[in-house]
Structure formats: structure tokens, C-alpha cells
Amino acid sequence: MRNDSLTERFYTQMQLIRRTEQTFFDLYARGLMAGTVHTSIGQEACAVGVVNALERTRDVIFSSHRAHGHFLAYCDDVEGLVAELLGRRSGVVGGVGGTQHLHKHNLYTNGVQGGIVPNAVGAAFAEKHKQSGAIVTVFLGDGTLGQGVVYESMNVAALWSLPLLFVLEDNQYAQSTHRRDEHAGSLAQRAQPFGIEGAELEADDVFAVYTAAQQAVTYVRSQNRPFFLTLHTYRLAPHSKGDDTRSAEELQRYWARDPVARLAATLPATQRAAIDAAIEQRIEDAVAKALAEESGGTSDWGIRDGRWEMGAPQPPHRTISPSTKHIIAQSPEPSSSNPSLSTLHSPLSYLESLRHSLHTLLERDPTALVLGEDILDPYGGAFKVTKGLSTRFPDRVRTTPICEATIVGMSVGMALRGLHPIAEIMFGDFVALAADQIVNHAAKYPAMYNGQVAAPLVIRTPMGGGRGYGPTHSQSLERLFFGIPHLKIVAASHLHDAGALLRQTVADPEPVIFVEHKLLYPLGLVRGEVGRLQGWENGEMAMGEWGSAAGDGVLQVAEGVDQFGYPVALARNYGDGARPDVTVITYGGMSRLLAPLLTELAAEEIRVLACLPACISPLDAAPLVWAAVQSGRVLVAEESPTAFGWGAEVAAQVHALVGAQLHAPVMRLGAAPTVIPAAKALEDAVLPSQAMLAEKIFKLLEM
Ligand SMILES: Cc1ncc(C[n+]2csc(CCOP(=O)(O)OP(=O)(O)O)c2C)c(N)n1
């Protein structure tokens, strides 16, 4: 095992890590670096011992905020790392990620403690599914064992028998707190109750680490089972730059066990000096090269072929241009020329449409996968959307434990590794448990790695009340995620072709929360003849023809497309040549109130134009503004409380762009700002109803 060539290789890598990180401190002191840095000085034997036991070409690594060592041991790209920390374009992720968010080849790091662990589980699933032979390694610190998601991940990794190596770098401290003040019980035994084998050793000697890691890797690869390797180590430098509260005596004791010095002592002095000199030169050159370069920037990003890429066309902006505003102001009336009427006679219910779509997706895309709680046959999901799926596609329909954060976290890992996961969160209220994975992982990876990865995952979930499920099973919590960059929220109303919309989200390169509504499931899609409107996206008037909804001579429906390519459903209760009295802008489940209301109001000769974008965040203002100026009186309705809500964003955009053309300020309708009660009468009083919609419309007409 221990031989001259390995000794030289390990020392070179460890010394490169040591000197690079010391250089970072130096660059900070000279005012050349900003932000933070977490060094692994003292822990180099962990990175070098473990990474050298892996197959770099195919194995996958996830790491955390303290990842420079893992990165350098993995790819040796000191130039890319130095440039990254100096915020230069030639940095491995263009200066966007910085020290905590590195990516190269199969290595991914993220600075939110614990969040990478379910990502690693998903990646391990993907590699096993693809039969790539690769294993996944996830590095985590002792402090991170306080996170619940780590244990959810251990459970799934063991349950699904995944090729995942957990490496615990127990450096005794989490930031400033010793592990004795954070953890009960034994850290090394943490994985045992899940049936995960493990090993534990002192990590001063890189060869001991290498040997243990080789055994662990062989086990994981050959058995397709997880393994938990505990490495007892010590961080010799501060947590980040200068925040060290440990005693000088304690530090001295561990400096005497320095793993780099220990290995250096086994090398002939001349050989060591030559290695050291070469490393100094490499680092010096890397720093000089990076400093000579201009700072990084994100202005070159765009999306091409579904992937974020430097130099690709910019993604669309969320608001319309002043020229569009001008044109809308000039010609408020839709033209009926250039007709194009598409007919979709859909006998399907909303639920059937979604279910068919899932079948089609799994049929056509071998990388598509559905996961969630209780989704297997014969149960088929809490709302039966997945019924029949697991019977047809047993390998790609996976029931999960109750672990929303890990369901989404795994999906992120699967997406990063080439699968198309469609996760079901049983009730929309529970997306709150997955918020970190949605915001800090799914929506972050592609952009923070400067477009080098994609995370195309869909999180399907039923939102909304009306079924008496009470305060924690009735909310419309998509509101928590409005405005998160690089995350789409798509809501299917029953005026949309719900199934087609779902397929569109699966094809979206960005992560999508797909909002279904519990009360829509049994309803038939209101499709009939769907007119096609076009034009607003080019800054011209919408043109086209309206269709009439099946079985209803009053309601006419049409569809346009927003700047993100998603459909905007339109409904009206009046014919060509007339103008609406009121415009209602809303989304998702509100369509169930709106469709009958439009019919009802037609009898009173109140003309209403309804506009329901499918993509509700980000929001293309053009269709909303177009719809708003048709009547000059706008009601925005949503099922959750209005304060800080979606309606506030719509109102702001409409006022900013065409405020002068409104006859009244935009009015908002939403739920009362309280919990959603279980008792029917109370629930009815809290949630917006058809009567409340009508009342607001009448009020608007009086203004
Ligand atoms: C979720 C989360 N909480 C808090 C932090 C702030 N933080 C950064 S590193 C760290 C300590 C982590 O300790 P450990 O897991 O032992 O890793 P080590 O720093 O020792 O490598 C903390 C609390 C964070 N990044 N993420």
C-alpha cells in the first residue's frame, strides 16, 4: 500500500491544498479577496485519502462549505479555484459561486449545511438507475449531523440500497461550538440503526484514510449499499477567516499531529523541497493570472437547449418593454382578423388529464420518474393522480417515506445527474418542509454554477381549501415561493389543458412547482373550442378568435402564450365587437368560481373578461396588461390572503404600465388573513367565494 509514488502523490496534493488555503488567508489580509472562506487546514488527509480511493472519471462527489480540499484532490484545478475565490471569469463557476459553491465535472458543493445529503441520495439513485457503475460520496461535518434531512437521507439510502458513501469529517467543532455541546450519543454510530455499515478511524495518517476509504468504496460499489465512514480529524485554522475561540494550548497539541508535516517527514528533503517549490510556483502563477483578469459577471448568461450557458440568449425579462406599453395604449380593442381556432374536445376531467399525462410522460421518456408518498397502486396517491402508474412502471414510480425535504432534495440530485424527476408532495402545505431544497438547491444550482448544470424537476402538489381539511391541509402556499429567481410556479386551472401543461413543465429546463387544486380534480376541463390569441408578446395587439366552451353557449375561451412559452387562458361571457365591463385576473383553482360566475353575470349583461396565466411566477406582464386595458377595471383574485400576495404583484405591474388607462384602482380579493378552519361554514367565510367575486365586481362597476 505505502509506496514512494503514492507518498509523493499524496504529499503533493496535501501540500497543494495546504498552501492554496494559506494563500487565501494571505489574499484576504491584503484586501484582494472578499466574502468568506472556510479552509480545511489540518484535514487534508481526509480529502486526499478518500478522493484517491474513488474513480475520478465516473464517481460523483457532493461537499459542503469546506470543500477546497475535496475539489483540489478531485481535479487539481488550482487555477480555477484561485480565480473563483478572486471572483474572476475564469473561476470554475465564473465567480458566481465563490468558495462555498464549487462545481467541476462530477463534483458539486453547496454552503447550506445538510442540504447536499439528499441531493447525493438522488444522485446515487440516478447512477444506480443508469447502471453507470459510479458511486456517490458525500462529505459532511460533525455539526451537520444535527440536521434532520441527514437522517431522512440515511433512511432512503439504506431502504433503496444506494451506492452512497457518507464521509463524516469529525473535526470536533461546528463553527465555534464543540460537538459535546451539540450532540447526544455517538456520531460514528449514527447510521447504524438504518442498517448502514460503517468504519471509524483517526485521520492523521493519509495512508490509513486511503486504506479505509478503499475498503469502503469497494463495499459500496460491489454491494450497491451505503457506507458511513467516520474520520476523526481537527481543523487547525479558524472556522472562516479569524473567528477562533479555541485555546492556544489545544491548537498546539493538534499542530503537533499535523498530517501534512507527518507525511512530509517521510520524504527525502530534496524531493520534498522540489515538490514544495513547484507548488509555490503553481499557486503564484494562478494568483498572478487571476489578478490580471477582470472580475466575473453574469451578464453573459442565457439559456440554450434547456441549459444555462455563457453567451446564450438572455432569458426573457419579467416585465414588458415601454414600446409594448405604448402600443397597448394606442389600440385597446382586440381585432378579430387573423383568426386561428383550435378545437380540443376534451371529455377528460382535470384529474384524468393529469393522470394520462403522467402515463404519457413515463411512456415516452425513459429518464422520467415519479416519486412521492403513498403513490403506489392500488392506493394510487392521496388524490389518485398516480393511479395505475406503478403497475405499468414499477421501476420508475417510487413510494417514499414521509420526508418532503428529501423527496425534493433527491429529485434535485436525480435532475443534476440526468433524470427527469416528477415529485408529488401530498398536500401543498408540506412544501414548507422542502423550502430549503426548493430555494437553496433546486433554484440555485444552475445559476450558481454559472450555467454548467441543469436541474429540470417538477414538484406537483395540490393546494387550496374547500374540502374541510383544516388549517394545515388547505393553504395555497405557492405564495411562499413567488419571485424566487430560476424557479417557476405553474398553476393549472380547469380552463387549461392541465395534462399538456404538466408535460410542458417536465420539458422546462428550470425547476417548476406545479400547482394543482384539490377542488378541480373531479371537474371536467372547460375546453371546447379554444380560440387562439396572439400578438401581445410581440408588443402588438392580441389577435385571433374566440372559441366556445363545450356545453355552454355563453362562455367563450381562448388561449395565448406568455413570454415563457406557457399558456394564458382567457374566458369571456360576451361576443365579438363588445368590450368587457370588468377584467378578472386570477389563476389555478379560482377558475372553478369564475366559470359559473361568468355565465351567471352574462344573464345580468355584465361583461367579464378573465385572464388566467399558467406561469404565475415569474410573471409576464404583457397578457395581464392587455386584459386590463380591455375594460379599465381590474379585479385580481387569489385564494390566499391578499397582503404581500400575487395580486399585489399584478396590481403593481398593471398600475406601473397602464395605470393611466384604468377607470378605477386595481381591486384585490383573497382569503381572510387567518387560518383556514375545518368547519364548513367557517371555511366558507374565510376563503374567497363566487359571491365574494361577484360583490367585488359590482363594487368595481360602481367606481
Ligand atoms: C443550514 C445552515 N446553518 C448554519 C450555517 C452556518 N454554518 C456554516 S459552517 C457551520 C458549521 C458546520 O459545522 P460542521 O458540519 O461540523 O462542519 P465544519 O465547519 O466543521 O467543517 C455553520 C453553523 C450554514 N451554512 N447552514
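Below, each value reflects all heavy atoms present in this structure, side chains not excepted, and no hydrogens, waters or symmetry copies. Atoms within a ligand are numbered from 1 in the order they appear, just like the ligands themselves.
Listed by chain and number, the residues in a salt bridge (Lys or Arg N to Asp or Glu O under 4.0 Å) with Asp374 amount to none (sequence neighbours excluded).
Each of the following atoms of ligand 1 lies closer than 4.0 Å to a heavy atom of Arg66: 18 (P), 19 (O), 21 (O). Listed by number with element, the atoms of ligand 1 under 4.0 Å from a non-hydrogen atom of Asp142 are 15 (O), 16 (O). In the vicinity of Asn171, heavy-atom distances shorter than 4.0 Å reach the ligand 1 atoms 18 (P), 20 (O), 21 (O). For ligand 1, the atoms lying closer than 4.0 Å to a non-hydrogen atom of Gly111 are 24 (C), 25 (N), 26 (N). When each atom of ligand 1 is checked for a heavy atom of Gly141 under 4.0 Å away, the hits are 14 (P), 15 (O), 16 (O), 17 (O).
Ion pairing between Glu182 and Arg179 fails under the 4.0 Å rule for side-chain N and carboxylate O. Between Glu79 and Arg282 there is a salt bridge, with a side-chain nitrogen of the basic residue lying less than 4.0 Å from a carboxylate oxygen of the acidic one. Salt-bridge annotation for Asp258 and Arg262: absent, with no side-chain N of the basic residue lying under 4.0 Å from a carboxylate O of the acidic one. Taking a cutoff of 4.0 Å between a charged side-chain nitrogen and a carboxylate oxygen, Arg66 and Glu169 do not qualify as a salt bridge. Ion pairing of Arg272 with Asp276 is present here, as a side-chain N (NZ or NE/NH1/NH2) and a carboxylate O approach within less than 4.0 Å.
Checked against a 3.5 angstrom limit, the closest N/O atoms of Arg235 and ligand 1 fall outside it. Considering backbone and side-chain atoms together, Ala174 places no N or O closer than 3.5 Å to any N or O of ligand 1.
Atoms CD1 and CD1, from Ile407 and Ile459 in turn, are 10.0 Å apart once rounded to the nearest 0.5 Å.
When the heavy atoms of Gln43, Gln113, His239 are ranked by distance to atom 26 (N) of ligand 1, first place goes to Gln113. For atom 23 (C) of ligand 1, the nearest non-hydrogen atom from the set Gln147, Gln175, Glu169 belongs to Gln175.
When hydrogens are left out, the protein atom nearest atom 14 (P) of ligand 1 is Gly143 N, 3.4 Å; that is the closest non-hydrogen contact. Scanning the protein for heavy atoms near atom 15 (O) of ligand 1, the closest one is Thr144 OG1, 2.6 Å.
Contacts with ligand 1 closer than 4.0 Å are made by side-chain heavy atoms of His65 only, the backbone lying farther away.
Within the structure, side-chain hydrogen bond (donor to acceptor under 3.5 Å, both in side chains) contacts touching residues 135-146 (residues at least two apart or in different chains) are Gln113-Thr144.
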